[in-house]
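In the text below, chain A, chain B and the rest are named by the order of the sequence lines, each starting its count at 1.
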Amino acid sequence: MNFWIIAILATLAYVVVSTVLDRRRPPPKTQAPSGRATGDPEQIARRVVEMAAPSLRLIPGEGSGFSKIGGDPDAPVNIEWPQGAEGPLGFLLQIDLAEAHRHGGPDWLPPSGALYAFRDDRWGCADQVRILHAPDGERAPRSPPADVPRTWRHPQRPVTLTPETSLPSLLWLGEEKVGLDPQHPAWSLIPDLPCAPGPRHQLGGYPDEIQGEWLPMVCEFESRGLSYKHGQVIPPGFEAASDSWRLLLQIDSDDRLKMNWGAGGTLYVFVRETDARAGDFSRTVARPHFL
Amino acid sequence: MSGSYARGDQPRSVVDPDKDAYDAMIRDHKARVEGSPGAPPAHPQAAPPRTFPDSVVADVVEVLKAPTKAHEDWVKGDRVKALTEGAVGATEIYLLGKGGWGLLKGQIKLRPPFAWRTKPWEAPGMRKWMTERGILEKGQPGHHALIPANGWGKVVPDWIKNQPFNIKGMESAEEHGLVHGRYKGKARFGPLERYIRGTPNWWKAANGILVGDGAIATESAADDREAGR
């Protein structure tokens, strides 16, 4: 019986203490510093339209094609299978960049060659996803090394690159304000853009943030070997530097591809625009959002 | 055979001073059994079912009586039972207060959209709504604690699984990641830590009540056995 008493008292004590601690927690500090924040729906709507960016929705389908999610890569024979910190990585997807450009993809991507994405299971590590850029040339199907875990292998689906106009969330505008009036007439300035249903795999554009995290700032911190936590004070210079991060890939959870990132979450990969223009994808930052 | 059964319908040989009271009791009993109009039910099991508000009020009254009961047990000298009942009662009162306060503060979203996220210029989805209510801080990760967003939780509609009762605000993205799996090279939380960090306080309190009620029931059964009941 003593056990039960201790268990109940411990539970009760935990609840009381956590409630008291919750109350004593200081109010959140300013997340986005922001001389840019206005809170004015008209200005916000105008900036959303100004900042609209082209993106390509990757819609898995049937048939064949170079651009695909899952399966095995078709890679130049002289490229070695990428290794992560704990062994060989699993293949995620490959994109034909010429095809991406033809469909109106981001202009900061190299005009030719192919992008390959590989990953491991080190969630939260900036280099969890490795991006390779290979010039056009002879390619051949490559099988993964035997020690790539089976759960890192996904069914192969060719993807259709469907152009969409991507709009930024308020985080990208540096807006702090919550509680904007959804009935405000200014929102009619923002076009009602078509949006295909289904999992949101995407190349370029703005991310669909699940957790409201300020992703460019996360990338800035992670690229400097620092960890970002919501509400923390932003060191000088970080905000301006974070402006250069672009969403390279957004890979959603997708049952048909046997991809599940943290109970239906999404995996984002960012690159600095200057690096992407130079064809350098060695310093990308991956970040998952779980549900 | 002896006593009154042995007499059958024969009159008593001596004057019975309790006869009137006895006859009244028998009449009352017969009226109950035969269902005379206006008569109270014959047996508690035959009582009409309590209506929803009545039963809620009765439960609330029961919860509020817990400290008194605990005190009575303490005075009787049954310290263990008193402590158990006191702890369970306090937890129940906390939970009741928390739930009531939550309702008063409007911590249940009654109007759509119930989707986790919506566009900034649309009516707020659940995440944004919770930030506006102060349930989640801006940018704070929210974890679907009891009903997952994916897997079996897919069959649960958004208006249930995205409500604040199912969302645990996490300390950081790392803590959220460690509830789901390995994160930044650290091993996934064990079951106990996942329970502590990944479930809302009301759930932990409810579990405490279950454990406590079980303990009280076990102890009461043991007492009954000892008393030969």
Side-chain angles (χ1 to χ4, degrees), chain A residues 1-2 4-5 7-12 14-16 18-19 22 28 31-32 41 44-45 48 85 121-125 167-171 173 175-176 178-180 182 184 186-187 190 208-214 218 227-231 253 255 260 262-265 287-291, chain B residues 80-81 83-84 87-88 90-91 94-95 98 116-124 127-128 131-132 136-144 148-151 153-154 170-174 176-186 196 201-202 204-205 207-209 211-212 214-216 218-219:
Chain A
M1 187 53 67
N2 284 341
W4 294 117
I5 296 169
I8 294 158
L9 290 177
T11 307
L12 186 64
Y14 172 80
V15 170
V16 171
S18 62
T19 305
D22 276 353
Q31 184 181 350
I44 293 173
V48 165
D121 246 0
R122 295 175 308 119
W123 296 100
C125 296
L167 301 175
S169 68
L170 292 186
L171 291 162
L173 276 65
E175 287 289 345
E176 274 289 288
V178 292
L180 293 169
H184 198 283
W187 305 129
I190 300 172
D208 283 329
E209 299 101 338
I210 289 181
Q211 293 292 359
E213 193 178 48
W214 195 10
V218 170
S227 280
Y228 172 82
K229 192 184 160 199
H230 69 277
S253 290
D255 290 344
N260 182 15
R287 183 76 166 183
H289 273 183
F290 300 140
L291 267 169
Chain B
V80 172
K81 196 171 177 184
L83 279 174
T84 313
V88 172
T91 314
Y94 163 83
L95 205 53
K98 184 105 177 163
W116 180 244
R117 40 184 182 158
T118 52
K119 292 167 188 161
W121 47 92
E122 292 175 341
R127 218 221 106 84
K128 190 175 167 195
T131 309
E132 287 176 357
L136 288 177
E137 291 172 19
K138 200 165 165 57
Q140 182 184 17
H143 170 58
H144 282 69
N150 211 16
K154 275 187 176 176
M170 305 304 284
E171 190 67 25
S172 62
E174 180 174 316
H176 192 193
L178 289 170
V179 167
H180 282 288
R182 218 156 59 110
Y183 199 86
K184 287 206 176 240
K186 295 179 185 168
I196 291 171
N201 284 348
W202 74 263
K204 290 187 272 272
N207 289 173
I209 289 171
V211 170
I216 291 170
T218 309
E219 196 185 358

When the 4.5 angstrom heavy-atom criterion is applied to B:Lys154 and chain A, the contacting part is side chain
Under 4.5 Å to a heavy atom of chain A? For B:Arg127 that would be side chain
Step by step, work out the side-chain contact (heavy atoms from CB on, under 4.5 Å) result for A:Ser227 and B:Lys184.
-> CA-CA 10 Å; A:Ser227 280; B:Lys184 287 206 176 240; 3.4 Å; yes
*Sub-3.5 Å donor-acceptor pair from the side chain of B:Gln140 to the main-chain atoms of A:His230, do we have one?*
no
Under 4.5 Å to a heavy atom of chain B? For A:Asp255 that would be side chain
Applying a strict 4.5 Å limit to non-hydrogen atoms, the region of A:Ile190 in contact with chain B is side chain
Assert top hit (heavy-atom pairs under 4.5 Å, partner chain A, pool B:Ser172, B:Gly142, B:Ala173) equals B:Gly142
dist A:Arg287:CZ -> A:Gln211:CD (nearest 0.5 Å) comes out at 10.5 Å
Next item on the list: Measure up the A:Trp187 and A:His184 rings against each other and bin them: parallel (under 30°), tilted (30 to 60°), perpendicular (over 60°).
Entry: perpendicular
Worksheet entry | Audit row: B:Trp116, B:His144, ring-ring contact (aromatic ring centres under 6.0 Å, His included) steps and yes/no | CA-CA 11 Å; B:Trp116 180 244; B:His144 282 69; 5.0 Å; yes
Given A:Val218, A:Ile210, A:Asn260, A:Leu167, the one with more heavy-atom pairs under 4.5 angstrom with chain B than any other is A:Ile210
Residue from A:Ala186, A:Ala263, A:Cys125, A:Ala85 scoring the most non-hydrogen pairs under 4.5 Å with chain B is A:Ala263
Can we say B:Glu171 and A:Lys229 salt-bridge, meaning some charged N sits less than 4.0 Å from an Asp/Glu carboxylate O? yes
